[in-house]
Protein chains: 2
Amino acid sequence: MTTGQARSHPMLTSEQMARKLSLSLCTFSHALNGHPRVCERTRHRVMEAARENGFVANHAARLLVRARFKPKHSRLSQVGFLFLDDAGTTLGEDAGSSLGLWCLLLLRGAEHALHDMDASLTFVRVSKSSHWAKAERLTRSGCVDGWLVAGRVDDEAISHVKSWGRPWVILGNHSCSQKVTSVDLDHGDGSRLAIQHLTGLGHRRIAFLGGTMTHGYQNEMLQAYRKALRKFDLETNEQWIQTNLPTDRSQYEVVKRFFVRKPYPTAIFASEPGPILPVRDLLHGLDWKLPGNISFVGSEMNGGQTPGISRVEWPYEEAGSVGVGTLARMAGGRKTPLFTAVKPLLVAGRSSARISDI
Amino acid sequence: MTTGQARSHPMLTSEQMARKLSLSLCTFSHALNGHPRVCERTRHRVMEAARENGFVANHAARLLVRARFKPKHSRLSQVGFLFLDDAGTTLGEDAGSSLGLWCLLLLRGAEHALHDMDASLTFVRVSKSSHWAKAERLTRSGCVDGWLVAGRVDDEAISHVKSWGRPWVILGNHSCSQKVTSVDLDHGDGSRLAIQHLTGLGHRRIAFLGGTMTHGYQNEMLQAYRKALRKFDLETNEQWIQTNLPTDRSQYEVVKRFFVRKPYPTAIFASEPGPILPVRDLLHGLDWKLPGNISFVGSEMNGGQTPGISRVEWPYEEAGSVGVGTLARMAGGRKTPLFTAVKPLLVAGRSSARISDI
DNA sequence: CTGAAAGCGCTTACAG
DNA sequence: CTGAAAGCGCTTACAG
């Protein structure tokens, strides 16, 4: 927007535009859609005129005519973001603000990718079984030609989505037993990265602080922690594994269990990106200095809220974008992998230090 | 979904449906749209057949034909949710998970209301000035016939939105100097409710714990606090007002300032729904018992994360729904108020008690 | 109460 | 390289 202020244009049709340019409607349309049959000069004139007049082809008409000439490679133009939410549940407590946050990050990532391919995103939330009808209506009315599915995705949910006959991709976690196409963060790799980082700093007694272990990813992270310990040939000790970290003050009690009996760990990896009390406070409350007495690697969503803390960052936005890419490939009839793993990042901060400096 | 499993139907057109029912296309359409000209029996047959066959009128065709017969009262069918986000900013830190949360709550509320009127919601995020074009394209292509605007809404943003010639409503905070239509929470009323509640319990020395004072609503809440003290004829003391509550451990320091010099307050109202360390911990850390030594009223989004804590609840979801209502009224050419205030709720918990019990 | 017809704004196959 | 024409699926004014 060079003017800094948008000008209001009247709504023009292709026909009016074509007349303005002394072109046939047909040539105008071909030029606008970049068809090679129209010469460069004409194409340029058309594009320029469209820009100047703020002309955009009517979307409804475009969609309608598409029903006539079914292309072999249908382009994605409108994607639905299906957010499967618990019925009565609010966004509080455990599901918590973190749930809200990852959903929004996925949404942002998806929207961004969709924008780049000139498609739009329809947000639909399903929390009761009666809501399935609305998503189905949207599909059947031609408003959505592909679905991104996120939240509490299970077999029943997928049976609905499947029945609509549109391409679909699950974003994030799911609890489906059948084969599904999904894009998720590589949770195991998060544990591996953390252990690798700490091992690189000379730590050999690394503790694992896990979540409720009710979700698949939580077990995945614990398994990957164990595997990484073996890989790097580190000491193992069941006392260095604590799970069921609560969201409130009693977090302190769980962390304290690491220090009941010697040998104490020299580093802690906390796998939950969820609502952990800020780490500084958590360890402060136990009179630990960071990284004086102990090294710490936490977990966070994109961007991060606790600067300076070493952490595994979970790029949910990227997962959203990647999901859109997968969906587009499906829509285009191209081969797509069943599962795409989005790798987390290790961001080294000041909370982890060489073992020799402790 | 009585079957528990969605059946897949082929895509049928109105014409095919009409033929199935031995009706003219015209009668079928009228019946489907509830036009009074068609008799009850026919209407019922049509509706039933539509349900059975999973028939939904093609949306694109509907939109297209609407351009021909412009109704005086245009119904809202597709609404854009314009999320004005800071460019480089992630959802971390101060803007924090709370920002993500309120946005998602507004979105949920809006989607819910829209669903009830059989309309859909398109999510658009604008973070750079170059992104304005995408929202404009969406409007000009006929994909969006009304806008809900949320986030960092300022005069420049509104000048863009205005230029698209569609109805629009701001959800939540804004910093516009011009006259705008908006739906926001009644922040002042939150302070009033809290003071009223505490006064009812006999408290006369009530402290105010505020945020960064960089947003309009934060000042509004402080002013309303002062006003409520006057109204209830309570003691005032500038030491009982502390603002700039940080998001980390140093929160304790700010709270401690209430207790530097006597007389101490007997109750605290915390106005920020944002990332306050859970109250229990905050006051625990200061060796206060709740409500033993002091009464506390906090602030939270819908639903609440700290059960048992007395709080002012901010119904962001409701604000989203109300915004949709306003937008629909505008689209229908009906008169709409410039500003609609959504009232917060006071939820009494165990953290506030009668002064006589302390 | 119902039917035959026009046309919304586009895109593309078909002739030239 | 270009034009005249068909038609996507609907809704509504216009006759009957």
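Here is how names work: the chains are called A, B, and so on, in the same order as the sequence lines, proteins then strands, and each is numbered from 1. When reading the values below, keep in mind they use all heavy atoms of this one structure, side chains included, and skip hydrogens, waters and symmetry mates. What you see is a predicted model; the values in this text were computed from it and never measured.
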Could [X] and [Y] be called an ion pair, given the rule that one side-chain N must be under 4.0 Å from one carboxylate O?
X: A/Arg75; Y: A/Asp118; answer: no
X: A/Glu52; Y: A/Lys20; answer: no
X: B/Glu111; Y: B/Arg108; answer: no
X: A/Arg51; Y: A/Glu48; answer: yes

query = Is there a residue in residues 16-28 of chain B whose heavy atoms reach under 4.0 Å of DNA chain D, and which residues are they?
reply =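 When residues 16-28 of chain B is checked for heavy atoms under 4.0 Å from DNA chain D, the hits, listed by number, are B/Leu25, B/Cys26.
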Parallel, tilted or perpendicular: which fits the ring planes of [X] and [Y], with parallel below 30° and perpendicular above 60°?
X: A/His30; Y: A/His35; answer: perpendicular
X: A/Phe55; Y: A/Phe28; answer: perpendicular
X: B/Trp102; Y: B/Phe83; answer: perpendicular

request  = Could I get the full list of ring pair (Phe, Tyr, Trp, His ring centres under 6.0 Å) partners for A/His115, not counting sequence neighbours?
outcome  =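 Here the qualifying residues are B/His131.
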Distance (rounded to the nearest 0.5 Å) between A/Leu82 CG and A/Leu138 CG =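 The distance works out to 9.5 Å.
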task = Give me the first and last nucleotide of DNA chain C, going 5' to 3', that has any atom under 4.0 Å from a heavy atom of chain A.
result =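 Range of nucleotides touched by chain A: C/dG9 to C/dC14.
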message = For a quick check of understanding: with a heavy-atom distance under 4.0 Å over all strands, which category does B/Ser14 fall into, base, sugar-phosphate or nothing?
response =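 Since only primed, P, OP1 and OP2 atoms lie under 4.0 Å of B/Ser14, the category is sugar-phosphate.
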request  = Indicate, with a heavy-atom threshold strictly under 4.0 Å, whether B/Ala61 touches base, sugar-phosphate, or nothing.
outcome  =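 Here B/Ala61 touches the bases of the nucleic acid.
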task = Could you pull out the closest heavy-atom pair between A/Asp145 and A/Gln78, with the gap in Å?
result =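 What the structure gives for the nearest pair is OD1-O, 2.5 Å.
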key: For the student: nearest non-hydrogen atoms of A/Ala319 and A/Leu106, plus distance   =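 What the structure gives for the nearest pair is CB-CD2, 3.9 Å.
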query = Looking only at side chains, do B/Ser77 and B/His59 share a donor and an acceptor under 3.5 Å apart?
reply =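 The answer is yes; a qualifying pair exists.
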request  = For A/Thr340, check side chain to side chain contact (heavy atoms under 4.5 Å, CB included) against everything at least two apart and list the hits.
outcome  =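 Result, side chain to side chain contact (heavy atoms under 4.5 Å, CB included) vs A/Thr340: A/Val183, A/Val322, A/Thr326, A/Pro337.
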request  = Could you check A/Phe69 against A/Ala60 and say which one's nearest nucleotide on DNA chain C is further toward the 5' end?
outcome  =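 Its nearest nucleotide lies further toward 5', so the answer is A/Ala60.
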note = Base-pair string, DNA chain D, Watson-Crick plus G-U, cut-off 3.5 Å on both distances, | for inter-strand, is |||.||||||||.|||
task = Would you jot down, in residue-number order, the residues of residues 34-47 of chain A having a non-hydrogen atom under 4.0 Å from DNA chain C?
result =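 DNA chain C contact set from residues 34-47 of chain A: A/Arg37.
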